[in-house]
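Structure record follows, encoded as structure tokens.
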Amino acid sequence: MKSPTRTSRTRLRALDPRRSRADSHILLTICEGLAGLGAVSVLCAIAGSLDDAGDSVVLGLAGVLLITLGAVARVKLKRRRRPTTAAVLSGLAATWVALVVAATAVYLSSGAIGRADDALVEAAAGFSTTALTTLDPSELSVPMSLWRACTQWLGGLVGILIGVVALPMALQGQRLTPTEWSDDDATFARGRIARRRQVMAIYLGLTAAIGVAFAATGMGAEDSAVHALTTISTGGFSSMPDSFASFGAGPAAVATVGMIIAGSGYAIIWWAIRGRRSALTQSIELRIYGAILLFGTLLVWWCADGLSWNDSLFTTVSAASTTGFAVADWTALDDAVTALLLVIIATGSMIGSAGAGLGVSRARILVAFARRELRRQLDPGSVVVLKTGGQAVGDPAIERITGHQIAHFATCAGAAGLLASAGVDLLGAIYTGVSVVSTHGPGIGVGSFGSLENLSRPARLLLVPFMSAGRLSLVPLMIGIVWIVHAQQGLRRELRALWRVWPERLASFSLAARRALSGQGKK
């Protein structure tokens, strides 16, 4: 019997677990995300231990388990120095899924939610920073209320890391984020690790500052912490069922400023911290974002009877930053107001922020591209160059950007169609589909305060994949799906190879055993 061929031995070595340690980026990313969830779970358990010991114990045990998992992964797994683009983005998508699964288990274990489907929807709404809920926030214990807010805080951080760290560094030369800082190495620290630490430091600092500002207006410690966590992350979860309608003008003003900051790109925030006035004044994306807030507020105030200027500004900022807070039932206002807010929600915040939506810069490119094509129809010989940040955007880059925009609109249309098939009225399905993909949440069909009690359970479950698509900016999600398909195909190939090699290995082992036995018999 012939010995195994070189190809067979190569396939067997590829299946060796010791060799796979060098290709564990995705698993390590998942374990790091779960360890982060474990850390905040322990903190929430400690902070709320005097209010509800049972929920604190559940959060504490879950936190210790997740932290232990992360520590073991640090020892057992090894990260590539230069992971592939697919590995980076697939790791982020897989981490989001793992966080949702872990949060679902925590909700069920604590008894805060009794049904698995409701727990899944709640977990997805948390990590996608969508202002939707199946709960009555006022009935949650202190540790669970803080933990629910922390899920949105972590989800916002994941969204920022995707927009500021993962996409610019993983997709170099393939512009899918037409920002003014995508090719500016002076904007952020160089290197993936240094840039991630810088973003996290800014994120933590802004969270603490907003929390102190809320407390200074007279908010209690719990309310200040919850709203600080869900404001900077553009999550929109409130400790009260009617959001900011239960609070005074002071907390609403702090939330307005916080949402404006959270909807700004992190390059803008960094330029402001560094005092780069020229960069701020020359930013076209910042000008458009400011114009949306200004003119949107004017139009809402003009068209909405009985809505004050402050409430109009709050409502517009909440829509533009895709946060989802509310001070009034704006879904009952004039149709012109709700239509305007839908356009603002669909446009979304600045790229590189915790908010979602199409993105101000992408929307600008889409409008400029449409104008260029119309001008070419009228004057075929004209040459029109599209620019962003003073740099020309080539046709290949425009094709990739418009492809992303088409995918975004198709996702919104798919969400609306599925919701309509689940029994939601057409207008509510369209509004909810756009709002959910933009990670805003509230709207016609759901209500201005984000309660899902009016939606059927099938309709609620249909929201989960679209919340994930909005949070993951579609690109990591699509690459993650491709990676899963390829991984399954690769696994099937490896199993077939193992099946072909196994008879050869068995025959070789049998031959060696017979020779050994025959040698012993001669002795």
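Below, each value reflects all heavy atoms present in this structure, side chains not excepted, and no hydrogens, waters or symmetry copies. Numbering of residues begins at 1 and proceeds along the displayed sequence. All figures in this text were calculated on a predicted structure; none of them were measured in a lab.
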Could you go step by step and tell me if His227 and Ser238 meet the side chain to side chain contact (heavy atoms under 4.5 Å, CB included) rule?
CA-CA 6 Å; His227 290 96; Ser238 176; 2.8 Å; yes
Under the side chain to side chain contact (heavy atoms under 4.5 Å, CB included) rule, what do Val300 and Val337 come out as? Steps first, then yes or no, please.
CA-CA 6 Å; Val300 170; Val337 176; 4.2 Å; yes
Taking Ser468's backbone N and O only, do any of them form a donor-acceptor pair with Trp96's side chain (distance below 3.5 Å, no angle check)?
no
Side-chain donor/acceptor of Thr230 to backbone N/O of Ala149, under 3.5 Å
no
Is it the case that the side chain of Arg460 and the backbone of Leu452 share a donor-acceptor pair, with hydrogens and angles ignored and the cut-off at 3.5 Å?
yes
Using only atom types and a distance under 3.5 Å, with no angle test, would you say the side chain of Tyr203 pairs donor to acceptor with the backbone of Ile160?
no
Given the options Val106, Leu66, Thr95, Leu37 meets side chain to side chain contact (heavy atoms under 4.5 Å, CB included) only with Leu66
Using modelled atom types only, decide if a donor and an acceptor are shared between the side chain of Asp51 and the backbone of Val142 within a distance under 3.5 Å.
yes
Mind checking whether Phe325 and Phe314 have parallel, tilted or perpendicular rings, split at 30° and 60°?
tilted
Backbone N/O of Leu132 and side chain of Thr130: donor-acceptor pair under 3.5 Å:
no
Donor-acceptor contact present, side-chain Glu285 to main-chain Ile351, <3.5 Å:
yes
Main chain of Gly263, side chain of Ser321: is a donor-acceptor contact present, judged purely on distance under 3.5 Å?
no
Examine Trp153 together with Phe237 and report whether their ring centres are nearer than 6.0 Å.
no
